[in-house]
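Worksheet for the structure shown next.
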Amino acid sequence: MQETFTGSFTQQEPIPDAGIDAAMAVLQSGRLHRYNTVPGEFSETALLEQEFAALTGARYCLAVASGGYAMSTALRAVGVGPGDRVLTNAFTLAPVPGAIASVGAVPVFVEVTERLTIDLDDLAAKAGQARVLLLSHMRGHICDMDRLMAICAAADVTVVEDCAHTMGAAWDGRPSGRHGIAGCYSCQTYKHVNSGEGGFLVTDDAETAARAVILSGSYMLYERHLAAPAPEVFERVKYATPNISGRMDNLRAAILRPQLAALGDQVTRWNDRYRTIEEGLQDTPGLTLPKRPEAERYVGSSIQFLLSGWSAERVQEVLRRCATRGVELKWFGAPEPVAFTSRYDSWRYAASAPLPATDRVLAGLIDMRIPLTFSIADCALIARIIRAEVSSVFQAGH
Ligand SMILES: *Cc1c(COP(=O)(O)O)cnc(C)c1O
């Protein structure tokens, strides 16, 4: 009899008890707004920012309403405005070009490699076209950050990092989000910590941090922050910076603090699952797993593989067969966006030059989420199913 998988690809773990207790205490206090504090009290949000700054080694941290908000705020804070061009990955998800569009700027898409990272040769060729790069570490794949930063420094391009899939990851020992001027993270349910919605912006640059705090809607109460610059920095920017409210609240912060404390253990659990699937897919005929370099410390919260050179019909046949056996795979080659899996040519507000390398990669790119509710045995089973179905469709075509 054929094995099938019966678990859910969208079921997260519960919020830790410590988070539920802290959330109840916030609810009982009634002080949900981050600036609603009693004398001598620091809000859950301020404490969360202090803890996330410590976790990433950043001087400053701001907690906000979403990862997308963190990115648009970072772009505004570094001076991106209407009509400006912003370099970004062609292979990413909709919140990234959306953040660029939200400030009236225009994305310039850069090709992707078979390692699923930004193509640094294409970046070098296009670097003269913009002053800012919004770099997306899409699906947790980190490019050679040393070379990327050298390219951007030479072309005077400011780097803002989208770390929605790299919270807890690092390049050559340096936490993801700490290479460019600012790093942006998401706390949305499907990312590495879960408050439903939420985000972080980290930076070492005092004026960027002060502008971000004011942009987020600080009502000039910035002295209630624990991970913000000194008041004199705010004096320099406060009259020139608009309030575009997008704050974190104390309820979400209370839920997040125990999750941040457990992030290291969660990363280990994700990687145990990732490596089980990776191992199970090794040497499957017709299937390529992206090589992960030594310097990359990744978080295996999802896995990708390539069916390079396959026809759309055969890729769809694999997806269909796996779905019948309970394994939900996403495909970046589909002509229409499906749920989260959109592609650059479906963002029609942001016209793009042809991107042949990206088209080639996306045509064979399969993506699968790895929720922590999967056991190691579940992961081994999923890999057996994918391996069997990919092999059999591949062999039938040869
Ligand atoms: C989820 C995500 C974000 C941020 O999304 P929000 O839903 O706004 O928190 C940014 N970039 C990528 C690649 C994402 O997947």
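Just so it is clear, the values below take in all heavy atoms, side chains as well, and ignore hydrogens, waters and symmetry mates. Numbering of ligands and ligand atoms starts at 1, following listing order.
The N/O atoms of Gly67, backbone and side chain alike, include one that comes under 3.5 Å of an N/O atom in ligand 1. The N/O atoms of Glu197, backbone and side chain alike, include none that comes under 3.5 Å of an N/O atom in ligand 1. Any N or O atom pair closer than 3.5 Å counts here, and Ser136 shares no such pair with ligand 1. Residue Asp162 has at least one nitrogen or oxygen atom sitting less than 3.5 Å from a nitrogen or oxygen atom of ligand 1, judged on distance alone. Close N/O approach between Pro95 and ligand 1 is not found [any backbone or side-chain N/O within under 3.5 Å].
Close approach of ligand 1 to Ala164 (heavy-atom distance below 4.0 Å) involves ligand atoms 2 (C), 3 (C), 10 (C), 11 (N), 12 (C), 14 (C). For ligand 1, the atoms sitting less than 4.0 Å from at least one non-hydrogen atom of Val96 are 11 (N), numbered in the order shown with element in parentheses. Close approach to His165 involves these atoms of ligand 1, each under 4.0 Å from a residue heavy atom: 13 (C), 14 (C), 15 (O). Annotation for ligand 1: atoms under 4.0 Å from non-hydrogen atoms of Met71 are 10 (C). Per-residue contacts place Thr92 under 4.0 angstrom from the following atoms of ligand 1 (heavy atoms of the residue considered): 13 (C).
Given atom 7 (O) of ligand 1, the protein heavy atom at minimum distance is Gln188 NE2, 3.5 Å.
Aromatic rings of Trp270 and Tyr298 (six-membered ring for Trp) have centroids beyond the 6.0 Å cut-off, not under it. Close placement of the His225 and Tyr35 rings is indicated, their centers lying within 6.0 Å of each other. Between Tyr344 and Phe91, the distance separating the two ring centers is not shorter than 6.0 angstrom.
Under a cut-off of 6.0 angstrom, the local environment of CD in Glu114 is sparse, with at most 12 non-hydrogen atoms contributed by other residues, nucleotides or ligands.
Contact analysis puts Lys191 in contact with ligand 1, with a non-hydrogen atom separation below 4.0 angstrom. Under a 4.0 Å heavy-atom criterion, Arg139 is not in contact with ligand 1.
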Legend entry - Derivation and outcome, side chain to side chain contact (heavy atoms under 4.5 Å, CB included), residues Asp122 and Lys126: CA-CA 6 Å; Asp122 194 41; Lys126 290 173 177 164; 2.8 Å; yes

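Side chain of Asn89 to main chain of Ser136: a donor-acceptor pair is present (N/O by atom type, distance under 3.5 Å, no hydrogens or angles). The backbone N or O of Leu62 sits nowhere less than 3.5 Å from a side-chain atom of Glu49 that would complete a donor-acceptor pair.
Looking at Cys187, Gly68, Gly199, Gly196, it is Gly68 that brings a heavy atom closest to atom 4 (C) of ligand 1.
Here the side chains of Glu3 and Leu381 are in contact, with some heavy-atom distance below 4.5 Å.
Using a cutoff of 4.0 Å between basic side-chain nitrogens and carboxylate oxygens, Arg343 and Asp359 are scored as salt-bridged.
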